[in-house]
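Small disclaimer: the values here were computed from a predicted structure and weren't measured. Counting starts at 1 for both ligands and their atoms, in listed order.
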Amino acid sequence: MIYLVGSGPGDPGLFTLKGLRCLQEADAIVYDRLAPEALLRHAKPDAERIYVGKKPGEPTMPQEEINDLLVDLGRSGKIVVRLKGGDPYVFGRGGEEALALIEAGLPFEVVPGVTSGIAAPAYAGIPVTHRGVSTSVAFVTGHEDPAKGHHDVDWDKLANSADTLVLYMGVGRLAEISASLISAGRSPGTPVAVVRWGTVSEQRTVTGTLEDIAERVTEAGLKPPAIIVVGDVVALREGGLDWFERRPLFGRRIVVTRARAQAGELSGKLERLGAEAVEFPTIEIASPEDFGPLDETIHELDSFDWLVFTSVNGVEAFVERLGHHGLDLRAVPRGAKIAAIGPATAERIERYSLRVDVMPAEYRAEALLEEVSGDSLAGKRVLIPRAKVAREVLPDRLREAGAEVVVPPAYESRPSSEGKEDVARRLERGDVDCVTFTASSTVENFVRAFGKGEAVRLLADTRVACIGPITADTARGHGIRVDAEAREYTIPGLVEVVTDMFAADPVERGDL
Ligand code: SAH
């Protein structure tokens, strides 16, 4: 079975559920340049991934070869997904592929996709039809040269055939196309928008009229791929419909230095506000060298009065190790109390259906002591499964209060510098708007990855945002200027100060 699947215009969220189901089942995926690569991670790990799009400096694969490839894959009995940008039947040559499959006697299905000709305008604030403004829309290829004389697009007929014209592949010939439309009788003052990379964080829009749009696009240096919209609907954008480009972090590139496993929460929040998150994990979470001390506490878990978790990693590592011994959370003694530092830690514990008895109002180790001090700690046994190297304030203070504190390493965070060259290049080019630090260790490891002088230099021309005062002090201690410090020491708190910081400095809009 061969599925001809539309990937949507770029935003992975615009992929259809049916397309996703096909992708998850596929043994082979044949994809194009405009199909978002992010979708491929939904495929089976061993699925064959075949790129047939343009490669720099190489001729594109001829359509016949792609057809043959699909036929060969289909004949081998594989489930094949032919993933194409936007909709497969809108300037996607999907029809030709379907005909080749029919000729070969192979079964196929089509899964339509959201076409860029509708989605890119929508994300730029332009409805392609609008009551009282436009009652018709035509999708047109701009690929042909109107000056050549012999062509399939009849510009004279087309110019006034629909209120809204949506042109694909037309940026290179915008001047000729505009001239043809004007000479066919379309008013020179007709509003035009050119939307490049619609629906993704790089989206950029240039607006003008038939008369000046070509010049404006050249001035702005706008390159393909872009959708051109011609018609009065373009003016609606100015009425505030351009929600996508108005999001508070639109167009901002923000570096996330958390460990890969934890980066998602921060990256996701930033992306939902319009930013592009660049993950540069400076930390890698690994097992401790020696599980001995943790195992020992697990065997005598009954003797503990308090379980204190200081991070999500601590919770996960502890639960995983219980599992390793064939145990689960029923092993936690009934009378023991559970404390969590920070709401994320508490939330993770609660995910395992355990109640958190104490969560300090402030998300620092010190604050926990104040909360617990109501309970007499004298003679109580306290277990803190946490990172191998961590600040000693908490155990020390609990001991001073008379508790017997056991601190077995449950995990180890190691410095990582994966992706270092890429981040350095982006910082060097001035392509990064902000670097976030979510723990002192992320600062330390960032500095270690580049060397102190180089780290300070790379961060000099971007903003630096820290999750709290301790992290900020660590940064300043290395000579790094801190531009924003979260008021609430959490990921949402950090996102809030980053958003505030950029609100005071609106991004340069695409419009000229
Ligand atoms: N089948 C696709 C179109 C393929 S033709 C669809 O339905 O969207 C390729 C052209 O599509 C590009 O030259 C450009 O004009 C347009 N295009 C595709 N993705 C785009 C995007 N994200 N933003 C703007 N234009 C896009």
- Considering the heavy atoms of D87, write down every atom of ligand 1 situated less than 4.0 Å from one of them. 1 (N), 6 (C), 7 (O)
- Query: Which ligand 1 atoms are under 4.0 Å away from a heavy-atom of L34?
  - Reply: 9 (C), 18 (C)
- Query: Considering only heavy atoms of T115, which atoms of ligand 1 have at least one such atom less than 4.0 Å away?
  - Reply: 6 (C), 7 (O), 8 (O)
- Query: Among protein heavy atoms, which sits nearest to atom 3 (C) of ligand 1, and what does the distance come to when rounded to 0.1 Å?
  - Reply: V90 O, 3.5 Å
- So, K269 and E265, do they make that salt bridge, N to O below 4.0 Å? yes
- Query: To which protein heavy atom is atom 21 (C) of ligand 1 closest, and what is the distance rounded to 0.1 Å?
  - Reply: G198 N, 3.6 Å
- Query: So, the side chain of R253 versus the backbone of A275: is there a donor-acceptor pair under 3.5 Å, distance only?
  - Reply: no
- Which atoms from ligand 1 have a heavy atom of V195 less than 4.0 Å away? 24 (C)
- Task: Could you check atom 25 (N) of ligand 1 against the protein and tell me its nearest heavy-atom contact, residue, atom and distance included?
- Result: I227 CG1, 3.4 Å
- Proximity of F446 and F437 rings by center, below 6.0 Å: yes
- Among T209, V234, I228, find the residue that satisfies the side-chain contact (heavy atoms from CB on, under 4.5 Å) test when tested with V192. I228
- Looking only at protein heavy atoms, what sits closest to atom 2 (C) of ligand 1 is G85 O, 3.2 Å
- Note on the structure: Of all protein heavy atoms, the one nearest atom 10 (C) of ligand 1 is M169 CG, 3.6 Å
- Item | Test: D422 and K420 ion pair at under 4.0 Å | no
- Message: Judged on heavy-atom distance to atom 4 (C) of ligand 1, which of W197, Y168, F91, F139 sits nearest?
- Response: F91
Throw together a table of side-chain donor-acceptor distances under 3.5 angstrom for residues 59-74, partners on residues two or more places apart or in other chains.
{"from": "Q63", "atom 1": "NE2", "to": "N67", "atom 2": "OD1", "distance (Å)": "2.9"}
{"from": "Q63", "atom 1": "NE2", "to": "E97", "atom 2": "OE2", "distance (Å)": "2.9"}

- Considering only heavy atoms of P9, which atoms of ligand 1 have at least one such atom less than 4.0 Å away? 21 (C), 22 (N)
- Query: F450 vs F280 aromatic rings, parallel, tilted or perpendicular, using cut-offs 30° and 60°?
  - Reply: tilted
- Message: Could you identify the single nearest non-hydrogen protein atom to atom 14 (C) of ligand 1 and state the distance to 0.1 Å?
- Response: A226 O, 3.5 Å
- Message: Is any side-chain heavy atom of I227 closer than 4.5 Å to one of L167?
- Response: no
- Task: Name the option, out of S7, P225, G142, that contains the heavy atom nearest to atom 12 (C) of ligand 1.
- Result: P225
- Query: Contact between S116 and ligand 1, counting heavy atoms under 4.0 Å?
  - Reply: yes
- Message: I'd like to know if the side chain of T207 and the backbone of A193 have a donor-acceptor N/O pair within less than 3.5 Å.
- Response: no
